[in-house]
Number of protein chains: 2
Amino acid sequence: MDNLIEKTIKSEEIFSGRIISLHLQDVELPNGKQSKREIIKHPGAVAVIAVTDDNKVVMVEQYRKALERTIVEIPAGKLEKGEEPEICARRELEEETGYVCSSLELVTSFYTSPGFADEIVHVYLAKGLIKKEDAASLDEDEFVNLEEISLDEAKEYITNQKIFDAKTIFAVQYLQLQEALKHK
Amino acid sequence: MDNLIEKTIKSEEIFSGRIISLHLQDVELPNGKQSKREIIKHPGAVAVIAVTDDNKVVMVEQYRKALERTIVEIPAGKLEKGEEPEICARRELEEETGYVCSSLELVTSFYTSPGFADEIVHVYLAKGLIKKEDAASLDEDEFVNLEEISLDEAKEYITNQKIFDAKTIFAVQYLQLQEALKHK
């Protein structure tokens, strides 16, 4: 709706890093008053709900410096400049898990934190997984532990807060919903 | 797992704003090498899946400067300093929608962007909604349009990308799952 628009009066880049940049903006509100907005720009990312033929969900455990702890997540990674999300999804799946897939479909895309960031995550469903012997591997400075767990174990991981992030909790709920719809 | 930990060697605050702060960290990787981390600190937030007695989901449309567009979201807001999430959920629900609720339960909590931010969102389910005539109202500089839509309309909104953020897509899927489980 047009009546909600915030016009940019001034935008200043405070920081530009390897992954994110921070912008401080002066905006004009719908009532004519001014306010400030703190905005993070991010290249966007993909995440992959990868299900093996024996119905295990492929997860990676990794240390998240922002949280100062490890969490268990579905495989994911940032888009490289100009990279198609589907290509990125296949690349990240192979690099983080060693799997290639015969079927890959987009489930949904969402902005993770619209209040302050433009990060978008494209979530894919990968099936027909085949372990590749000579899989493209991780950057030598990336460290993850691979886990393959059942849907029930994944729900338990959420209860125990080992799974604790939006895209992975969404993914587990997505699989629960498919399961529930199948048995209807 | 201990083998994944990244030790902080140095942490520098680059920016501290009204809502977020940005920290640049030098870390030691598990292989002994060094790397840099760009970290956003955020106070955390709540979001409320509010369902009316006639089964409509309460949504708010608002302009998101980070996206330069309006999107339709479940009511949500940042935690104030020291504020209990449940108190915050009741406050935001009333301020953004004019509703108070007789029942409020925590559905889940998740980190929105663990790759670069510590923002956590606590998602509540509110039922027994009553419109309050003298509801606490929004800050005069906050602008939202209220919508009450069916679950089918909400699914359509996702298809049309009017609903486009993680917490709201999670919320719609949560209601779909409850519906599917009820009919099993």
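Residue numbering restarts at 1 for every chain, and letters A, B, ... go by the order of the sequence lines.
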**Prompt:** So which of B/Glu6, B/Arg64, B/Gln173 has the biggest tally of heavy-atom pairs under 4.5 Å with chain A?
**Reply:** B/Gln173

**Fill in**
Nearest heavy-atom contact between B/Ala66 and A/Pro114 is CB-O, 3.8 Å

**Request:** Would you please go through residues 115-129 of chain B and name the residues with a non-hydrogen atom below 4.5 Å from one of chain A, in numerical order?
**Result:** B/Gly115, B/Phe116, B/Ala117, B/Asp118, B/Glu119, B/Ile120

**Asked** Do the side chains of A/Val172 and B/Phe170 join up, straight or via other hydrophobic residues, at under 4.5 Å, putting them in one cluster?
**Response** yes

**Complete:** If one checks every heavy atom of A/Lys7 against chain B at 4.5 Å, the contacting part turns out to be backbone

**Within 6.0 angstrom of A/Lys10 NZ, more than 12 heavy atoms from elsewhere** = no

**Request:** Decide whether A/Thr112 and B/Thr112 meet the rule of one side-chain donor and one side-chain acceptor closer than 3.5 Å.
**Result:** no

**Asked** So do B/Ser11 and A/Lys65 actually touch side chain to side chain, heavy atoms under 4.5 Å?
**Response** no

**Message:** Working note: A/Ile14 + B/Phe15, criterion side-chain contact (heavy atoms from CB on, under 4.5 Å); need CA distance, chi angles, decisive distance, verdict.
**Reply:** CA-CA 8 Å; A/Ile14 304 286; B/Phe15 171 82; 4.1 Å; yes

**Prompt:** If you count heavy-atom pairs under 4.5 Å with chain B, which of A/Glu140, A/Gln161, A/Arg18, A/Gln62 comes out on top?
**Reply:** A/Arg18

**Asked** Out of curiosity, does B/Val57 fall in the hydrophobic cluster containing B/Val48 (side-chain heavy atoms, cut-off under 4.5 Å, transitive links)?
**Response** no

**Prompt:** A/Tyr111 and B/Phe164: aromatic ring centres closer than 6.0 Å?
**Reply:** yes

**Request:** Measure the shortest side-chain to side-chain distance between A/Ile5 and B/Thr70 over non-hydrogen atoms and say whether it is less than 4.5 angstrom.
**Result:** no

**Request:** Measure distances from A/Thr8 to the heavy atoms of chain B and classify the residue's part below 4.5 Å as side chain, backbone, both or neither.
**Result:** both

**Item:** B/Tyr99 reachable from B/Val60 in the ILVMFWY side-chain graph, under 4.5 Å edges
**Value:** yes

**Any residue of residues 20-43 of chain B which, by heavy atoms, sits under 4.5 Å from chain A** = B/Ile20, B/Leu22, B/Leu24, B/Gln25, B/Val27, B/Leu29, B/Pro30, B/Asn31, B/Lys33, B/Ser35, B/Lys36, B/Arg37, B/Glu38, B/Ile39, B/Ile40, B/His42

**Message:** Which atoms of B/Thr108 are under 4.5 Å from chain A, going by heavy atoms: the side chain, the backbone, both sets, or neither?
**Reply:** side chain

**Request:** With a 4.5 angstrom heavy-atom cut-off, could you sort out which part of A/Glu142 is near chain B: side chain, backbone, both or neither?
**Result:** neither

**Message:** Assigning hydrophobic clusters by single linkage (Ile, Leu, Val, Met, Phe, Trp, Tyr; side-chain heavy-atom cutoff under 4.5 Å), is B/Ile149 placed with B/Ile74?
**Reply:** yes

**Request:** Treating Ile, Leu, Val, Met, Phe, Trp and Tyr as nodes and any side-chain heavy-atom pair under 4.5 angstrom as an edge, say whether B/Tyr157 and B/Leu151 lie in one connected cluster.
**Result:** yes

**Request:** With a 4.5 angstrom heavy-atom cut-off, could you sort out which part of B/Leu177 is near chain A: side chain, backbone, both or neither?
**Result:** both

**Fill in**
What one should report as the nearest heavy-atom pair of A/Ile169 and B/Ser109 is CD1-O, 3.6 Å

**Engaged part of B/Lys78 at the chain A interface, taking heavy atoms whose separation is under 4.5 Å** = neither

**Message:** What part of A/Arg69 gets within 4.5 angstrom of chain B, counting heavy atoms only: side chain, backbone, both, or neither?
**Reply:** neither

**Prompt:** Non-hydrogen atoms of chain B under 4.5 Å away: do they reach the side chain of A/Glu68, the backbone, both or neither?
**Reply:** side chain

